[in-house]
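What follows is a set of notes on a single structure, which appears directly below.
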Amino acid sequence: MSEEKKQNQLNIEIDEKTADGTYANLAIINHSISEFVVDFINVMPGSPKSKVKSRIILTPQHAKRLSKALADNVSRFEAKNGEIKDYEQPPIPMNFGPTGQA
């Protein structure tokens with residue numbers, strides 16, 4: 001392998017707890033001029049209260065890259081497995097979750 005390729009490689013590690021992942025069925029996205037905040041939540045049917053399970057804070061540039069990467073992966077998934085059905089979800093109350101302040 002050339003020296004240039006070796007220098008461009010990134011070694012990414014993941015610990016066991018992180019590798020297990022956290023389930024979320026709701027994401028709330030807020031933004032300011034300098035960052036996007038994505039809160040991942042697991043809402044249980046019939047439960048009036050839920051907690052944020054994970055929060056990811058991104059620069060606007062990284063948020064745009066994430067958006068493009070998700071769109072690309074959804075397209076490839078649908079090409080292989082068929083269209084993902086987007087079922088109607090009840091609206092989230094406007095007072096749910098944090099405000100868009102950073």
Side-chain angles (χ1 to χ4, degrees):
M1 188 178 299
S2 74
E3 280 300 312
E4 186 177 330
K5 283 187 179 182
K6 284 182 184 179
Q7 288 177 348
N8 288 334
Q9 285 187 340
L10 179 62
N11 184 11
I12 298 173
E13 296 180 0
I14 187 168
D15 61 66
E16 196 172 316
K17 183 179 180 194
T18 304
D20 284 344
T22 300
Y23 179 78
N25 55 10
L26 176 66
I28 296 178
I29 304 170
N30 289 290
H31 66 276
S32 70
I33 190 71
S34 60
E35 60 195 15
F36 279 72
V37 178
V38 186
D39 288 331
F40 294 95
I41 301 149
N42 182 6
V43 178
M44 297 303 292
S47 177
K49 189 174 182 181
S50 295
K51 287 186 177 181
V52 172
K53 297 293 185 178
S54 182
R55 171 174 280 181
I56 305 297
I57 303 168
L58 305 156
T59 65
Q61 293 81 11
H62 284 111
K64 189 167 187 173
R65 286 187 200 129
L66 175 61
S67 174
K68 287 180 179 181
L70 281 171
D72 179 56
N73 276 269
V74 167
S75 293
R76 286 190 284 139
F77 178 93
E78 288 182 326
K80 185 176 181 179
N81 301 292
E83 182 183 357
I84 299 170
K85 303 287 187 233
D86 190 12
Y87 300 104
E88 280 294 316
Q89 295 290 321
I92 299 167
M94 293 307 287
N95 64 347
F96 182 82
T99 61
Q101 304 280 324

Hey, mind stepping through Ile84 and Phe77 against side chain to side chain contact (heavy atoms under 4.5 Å, CB included) and telling me if it holds?
CA-CA 9 Å; Ile84 299 170; Phe77 178 93; 3.6 Å; yes
With sequence neighbours excluded, residues passing side chain to side chain donor-acceptor pair (under 3.5 Å) with Ser67
none
Here the pair of heavy atoms bringing Pro60 nearest to Ser34 is CD-O, 3.2 Å
In terms of hydrophobic clusters joined by side-chain contacts under 4.5 Å, are Leu58 and Ile29 together?
yes
Tell me every residue that passes side-chain contact (heavy atoms from CB on, under 4.5 Å) with Ile33, counting only those two or more places apart in sequence or in another chain.
none
State, to 0.1 Å, how close Val38 and Ala27 come at their nearest heavy-atom pair, and which atoms those are.
CG1-CB, 4.3 Å
Only one of Arg55, Lys53, Lys51 clears side-chain hydrogen bond (donor to acceptor under 3.5 Å, both in side chains) with Asp39; which?
Arg55
Donor-acceptor check, side chain of Asn30 to backbone of Val37, threshold 3.5 angstrom: yes or no?
no
Report yes or no: do Ile28 and Ile56 belong to one cluster of Ile/Leu/Val/Met/Phe/Trp/Tyr joined by side chain heavy-atom distances under 4.5 Å?
no
With salt bridge (Lys or Arg N to Asp or Glu O under 4.0 Å) as the test, would you mind laying out the steps for Lys68 and Asp72 before giving the verdict?
CA-CA 6 Å; Lys68 287 180 179 181; Asp72 179 56; over 6 Å; no
Co-membership, hydrophobic cluster, residues Phe36 and Ile57, 4.5 Å side-chain
no
State, yes or no, whether a side-chain contact exists between Asn25 and Asn42 at a heavy-atom distance under 4.5 Å.
yes
Hey, quick one: are Phe40 and Leu66 part of the same hydrophobic cluster, counting side-chain heavy atoms closer than 4.5 Å, chains of contacts allowed?
yes
Set of residues satisfying salt bridge (charged side-chain N to carboxylate O under 4.0 Å, His left out) with respect to Asp15, sequence neighbours excluded
none
